[in-house]
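Just follow the structure's listing: the first ligand is 1, and inside any ligand the first atom is 1.
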Amino acid sequence: MYRLYYSPGACSLAIHALLNELEQGVELIDRKHAADFDRFESHGMVPVLVDDDQVIREGAAIILYLLEKHQHRMLPPSGPERARFIEWLMFANATLHPAYGRLFFLGSSLEDGTVKQHALNAASDTISALWAAVDRQLNRTPFVCGERICIVDMMLAVYASWGAYFPVDIHMSDKVKGMLEAVKAHPAFVKAIEDERQASM
Ligand SMILES: N[C@@H](CCC(=O)N[C@@H](CS)C(=O)NCC(=O)O)C(=O)O
């Protein structure tokens, strides 16, 4: 069984949902209750996946590892389709996630006031522009990677939930909102949220 070190509602939630999608058992370990978490040298960050003697850090690496290992259709075997999938995976992991990360950084490091609000607004403008890129893709296919929900959609749904923590207006088109609602109703995603809720009780 896989072991997943996570924080409730963090980016690790997408890995958790993917494990459900792959119908894999997972032992969930809340990072804040893992006294020896530092041994993973993940800079204190989740997700960390343990598969027997393998320790895998970094969300995108974990996703590629799991999709390859379980030969899942979400990861095209080769060619431009595979490149396109990895492009969107990196858009989520290396572009949109850090853009939301700036909100967390500004929220915790600046004193409340005009300067902070101005900085938060600038960061949220960048995020809105990235959601516009998602909207353009959804003009081509109902989900980011094609006709069916893929892990990238799940990652986007996790990040989208973080906007509510901040006094900012992040613009998303109705098409983007519709895609996110579909992910939130997707059984593997629903189960991940419910399992994390139960684990924190
Ligand atoms: N590049 C890393 C970023 C991971 C990351 O930023 N994780 C956040 C949660 S979303 C984290 O663990 N922050 C520290 C904490 O929550 O204590 C990855 O994709 O795995």
Asker: Tell me yes or no: between the side chains of His186 and Glu21, is some donor less than 3.5 Å from an acceptor?
Answerer: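 Short answer, yes.
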Asker: Between Arg84 and Glu81, is there a side-chain N and carboxylate O pair less than 4.0 Å apart?
Answerer: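 Here Arg84 does not pair with Glu81 in a salt bridge, since their nearest N and O are not under 4.0 Å apart.
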Asker: Assess whether a salt bridge exists between Glu68 and Arg82, defined as any Lys/Arg side-chain N lying under 4.0 Å from an Asp/Glu carboxylate O.
Answerer: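 Looking at Glu68 and Arg82, the cut-off is met.
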Asker: What short N/O contacts, under 3.5 Å, does ligand 1 make with the protein, listed by atom pair and distance?
Answerer:
unit_1, atom_1, unit_2, atom_2, d
ligand 1, 1 (N), Glu58, OE1, 2.7
ligand 1, 7 (N), Val46, O, 2.9
ligand 1, 12 (O), Val46, N, 2.9
ligand 1, 19 (O), Gly59, N, 3.3
ligand 1, 19 (O), Asn93, ND2, 2.9
ligand 1, 20 (O), Gly59, N, 2.8

Asker: Is there a path from Met90 to Leu64 through hydrophobic residues (I, L, V, M, F, W, Y) whose side chains come within less than 4.5 Å of each other?
Answerer: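 Yes, Met90 connects to Leu64 through the hydrophobic network.
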Asker: Please determine if Lys191 and Glu194 form a salt bridge, counting it only when a charged side-chain N lies under 4.0 Å from a carboxylate O.
Answerer: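 Salt bridge absent between Lys191 and Glu194.
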Asker: Taking 4.0 angstrom as the limit, do Asp51 and Lys69 come out as a salt bridge?
Answerer: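 Looking at Asp51 and Lys69, the cut-off is met.
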